[in-house]
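Structure first, commentary second.
The model shown is predicted, which means the values in this text are computed figures rather than measured ones. Chain naming here is simple, since letters A, B, ... match the order of the sequence lines and numbering starts at 1 in each. We use all heavy atoms of the structure for the numbers below, so side chains are in, but hydrogens, waters and symmetry mates are not.
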Amino acid sequence: MVRKPLSKAGNKFLRKFRKWPHSPYKTSWHHNFCENQAMQFLKNSNFQFQSFNLYNKNNNNPFLLSTLLNSFKAYSIDPTPKAYFFLIKNLTQNSNFQDIFHVLNHIEHNEKFETPEFMLMYLIRFYGFADRVQDAVDLFYRIPRFRCTPTVCSLNLLISLLCRNRECLKMVPEILLKSRRMNIRVEESTFRVLIKALCRIKRVDYALKILNFMIEDGYGLDVKACSLIVSSLCEQIDLSSVEALVIWRDMRKLGFCPDIMDYTNMIKFLVKQGSGKDALNILNQMKENGVKADIVCYTIVLSGIVAERDYVKLDELFDKMIVFGLVPNIYTYNVYINGLCKQNKIDEAREIVASMEELGSKSNVVTYNTLLGAVCFAGDLNKARVLVKEMRLKGIGPNLHTYRIMLDGFVRKGEIGEACILLEEMLEKCFHPRTSTFDDIIFQMCQKGMFTEALGLMTKFVAKSFAPGARAWETLLLNSGSELQYSETTYDTLIIPEITQLSKLTES
DNA sequence: CTAGGGTTAG
């Protein structure tokens, strides 16, 4: 059989008989190879650039840009977006705004590739964090000029950057309008970004409005946005528990099914506002809706009930919780112990400590601070001393609160000697007493004729940048009349740090 | 896959 020459069969696409054979330079592996080589070259010269800080202004391009162009030219391929991204990342690391500007212009006017959106987003984010919000906004509007179709990703990014600052937030409406003209489809995520920002600047009312707009626009209820709103409740300063409950009820009416975290956040807010009863209601609501309350929820509600001093309900709920099979942990016990201490049932509280430790929950510094607070309040310093010894035996280190509680206990009873020993210890640990306590100590010392000691104490504390209150200064001044020999020199050392602090304030 | 979230403070 005579084989027809393939060339005449006309399969021009087989390499052997192609009219114009593939240039070996046009295959993709070769292109990749060249790109890698060019990139390597660029990276090496970047190293040079950084070590010698060369700035070769050929054809008006910054050094790195001209290196990029040259190295790609040397391999006869067009610079890739990847190469530019490498360049941009480098320039942002050195905050080289000038060169970034050049590179962007170059990409816009001299390149033809479609710039990947993530590259521009990287720069928008960079501008945002460098407090160059206007640059970020300008770049956003300029995205299409880089032959890139902006998506909601860029929009969300820009908005979240603007939302970091109250002033910039005002630009958001205009950007939303203009983004429509840029054919960006706003989506749920955009609203969520806005809601988050509004919650952060404590405008839940606006956040709720947006939530409602979303529903009107047919987006359906955004569960995440609801959670966001609930979780931000605790940060709202002037929101009453009544208002929060209305918001909660409205969202539930819209079909919001809270999860355990939403319930916990809501309960936390109510307890913080001092409405333990409402918190308990939410806990019950939770059960009705088939969400199992866990030990954390119970602990918060219990602490709310303690705050309301409803000790009958406290015992009731604690028992109920045990019946439900929940195991109290140290947090729960601390709340319960606090409840007992508030009723001055200190012995009972100590029994609880013993039994909880038998059950494997070790007491901690909070437990002891609670107990110490109670015994100091009752004025039983001996019991306080016993407790401190106990703490040491158990290896529980005192914290700032421990010292403050003890100090207040001693000062209330006029035990200035022991108070001073504590103060010394605090000074070593850089713990500051409450101003009023400190002033009280100075006052009591002066009354007992311990003027010199008081002055010494004051000097030591001021040196550790502690600021005594007006009362301490006043007391010292009033008592200094008979002891003028101290005042000249010692007051200088006392007052000078104060003055330098003041001048620092006026400078800034 | 599950943790997260929680306690005192004159």
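Here the CG-CD1 distance, from A/L221 to A/I215, works out to 5.0 Å after rounding to the nearest 0.5 Å. Rounded to the nearest 0.5 Å, atoms OH (A/Y333) and CD1 (A/I352) are 7.5 Å apart.
Backbone-only contact: A/V335 has heavy atoms under 4.0 Å from sugar-phosphate atoms and none from a base. Residue contacts for A/R434: at a heavy-atom cut-off of 4.0 Å it reaches the sugar-phosphate backbone alone, with no base atom in range. No engagement by A/N265 is indicated, since no non-hydrogen atom pair under 4.0 Å with the nucleic acid exists. Nucleic acid contact class of A/T264 (heavy atoms, under 4.0 Å, all strands): base. Nucleic acid contact class of A/I260 (heavy atoms, under 4.0 Å, all strands): base. A/K272 comes within 4.0 angstrom of nothing in the nucleic acid, heavy atoms only. Looking at heavy-atom distances under 4.0 Å, A/T402 makes no contact with the nucleic acid at all.
Counting non-hydrogen atoms of neighbouring residues, nucleotides and ligands closer than 6.0 angstrom, the CD atom of A/E114 reaches no more than 12 such neighbours.
Using a cut-off of 4.0 Å between Lys/Arg side-chain N and Asp/Glu carboxylate O, A/R434 and A/D440 are scored as not salt-bridged. Ion pairing of A/D205 with A/R203 is present here, as a side-chain N (NZ or NE/NH1/NH2) and a carboxylate O approach within less than 4.0 Å.
The closest donor-acceptor contact from the side chain of A/E235 to the backbone of A/R200 lies at 3.5 Å or more, if one exists at all.
Chain A approaches DNA chain B within less than 4.0 angstrom (heavy atoms of the protein), and the contacting nucleotides run 5' to 3' from B/dG4 to B/dG10.
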